[in-house]
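First the structure, in the form of structure tokens, and then the observations on it.
As the structure lists them, so they are numbered: ligands from 1, and atoms in each ligand from 1.
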Amino acid sequence: MTQNVLILPGDGIGPEIVTEAVKVLETAKQKFNLDIELDNALVGGSAYDEFGTPLPEVTMQKAEKADAILLGAVGGPKWDELEDRDLRPEKGLLGLRSGLELFGNLRPAILYPQLADASSLKPEVVSGLDILIVRELTGGIYFGKPRGIRTIEGGPKDGEREGYNTYVYSESEIRRIAKVAFESAQKRGKKLCSVDKANVLEVTVLWREIMNEVAKDYPDVELSHMYVDNAAMQLVRAPKQFDVMVTGNMFGDILSDAAAMLTGSIGMLPSASLDKNNKGMYEPCHGSAPDIAGQGIANPLATILSAAMMLRYSLNESAAADAIEKAVSDVLDQGLRTADIYSDGMSKVSTAEMGAAVVAALENLSA
Ligand code: IPM
Ligand code: MG
């Protein structure tokens, strides 16, 4: 049966990097006789410019129908001044995540041996690094209510404004992300570290309790707990102590950027956001990088690797996924580097040249 893939280029460098990933997908489709069909839609600032909203109805409808979604990135200074926060590009992304219930966000941080020098940490600290951050994506303080900015009435602060958000997790929300994390750990090194702030925040006291409860169903996985401040420190001190980390939406946002940078280039890292049936949205971990948009220098590899993850997790085409990952490794072996991962003695290439090199490497692999 034909599987439908929705392509959402988004803003900034999104369209440039997605163009390359689509070429790679088309090549994989030919080579592996994949029965997939690609469609396109707008999201984020580009959707706002065209439709006056970052998540148009037509995009949401296509997203609901699709078997998987490949997204570039959203956001940029052009839309930062929008008064109505609901019209900001980020709301398009958050609306897709929550509307499709993509609660399970997998963010691998893998150090490619070819890029060991690109890390800001010493090679011995990061060589062989392979960790997975499982971030809860549709709850926590990102979505908790009440939220807003209000004016205080009465008392010594009368007339002053205050901003407020709500950090809330229900047991079922914690339980379902715990399951994703334990199952991921079972497929890897069987070690899971749950990150919380249970010394201060009640919501994470409950988080820790549920993690311990779910752990009983996974006796083969070793569960540990860590406060988020310590986890941030340990990630830069000795990141290889971790296998899988699981945490809430906001802590995961922060820790996954730190973990990504350990590998030397956030431009290399894909991510998957899955619902309970493994339907997913796949996007690079980096953002829309408006400062370099349109220059043809962005690294398309994270998006290409996101397409590989999509083939593996949502479309059940693991041979094609393996081949794309091998092709990426081959172009790194050839010494090809975009500016963000460039080092002396390598060949600096553009976004399009990198995409073409991956396509060529993929075509050259024996199927
Ligand atoms: C991410 C991004 C998003 C987030 C933004 C763009 C809303 O930083 O995917 O990590 O905070 O989740
Ligand atoms: Mg982030």
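Between A185 and L192, the shortest heavy-atom contact is CB-CB, 4.3 Å.
The number of heavy atoms from other shown groups lying within 6.0 Å of CG (D35) is above 12. More than 12 heavy-atom neighbours from other residues, nucleotides or ligands sit within 6.0 angstrom of CD on Q186.
Every N/O-N/O distance between E90 and ligand 1 stays at or above 3.5 Å.
Of the heavy atoms in R97, only side-chain atoms (C-beta onward) come closer than 4.0 Å to ligand 1. Neither the backbone nor the side chain of R88 has any atom closer than 4.0 Å to an atom of ligand 1 (non-hydrogen atoms only). Under 4.0 Å from ligand 1, not a single heavy atom of M250 appears.
Considering only non-hydrogen protein atoms, atom 1 (C) of ligand 1 sits nearest to R107 NH2, 3.3 Å. What sits closest to atom 11 (O) of ligand 1 on the protein, heavy atoms only, is Y142 OH, 2.5 Å.
Judged by distance alone, the side chain of S46 and the main-chain N or O of V43 form a donor-acceptor pair under 3.5 Å.
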Problem set entry | Trace of the side-chain contact (heavy atoms from CB on, under 4.5 Å) decision for V236 with M261 | CA-CA 10 Å; V236 290; M261 208 53 224; over 6 Å; no

For this session: Report the C-alpha distance between T204 and L201 in whole Å, list the side-chain angles of each, state the deciding distance to 0.1 Å, and finish with yes or no for side-chain contact (heavy atoms from CB on, under 4.5 Å).
Result: CA-CA 6 Å; T204 68; L201 302 173; 3.9 Å; yes

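Looking only at atom types and distance, the side chain of T19 has no donor-acceptor partner in the side chain of E16 under 3.5 Å away.
Heavy-atom contacts of R135 reach the following atoms of ligand 1: 1 (C), 4 (C), 9 (O), 10 (O), 11 (O), 12 (O) (cutoff under 4.0 Å).
The nearest non-hydrogen atom to atom 8 (O) of ligand 1, considering only I254, N249, D253, L93, comes from D253.
Remark: of the listed residues N165, D253, N249, D253 is the sole one forming a side-chain hydrogen bond (donor to acceptor under 3.5 Å, both in side chains) with Y142.
E283 does not count as a contact of ligand 1, since none of its heavy atoms falls under 4.0 Å from the ligand. Look at K91 and you'll find every heavy atom at least 4.0 Å from all atoms of ligand 1.
Sorting the N, O or S atoms of D253 by how far they are from the Mg ion (ligand 2) puts OD1 first.
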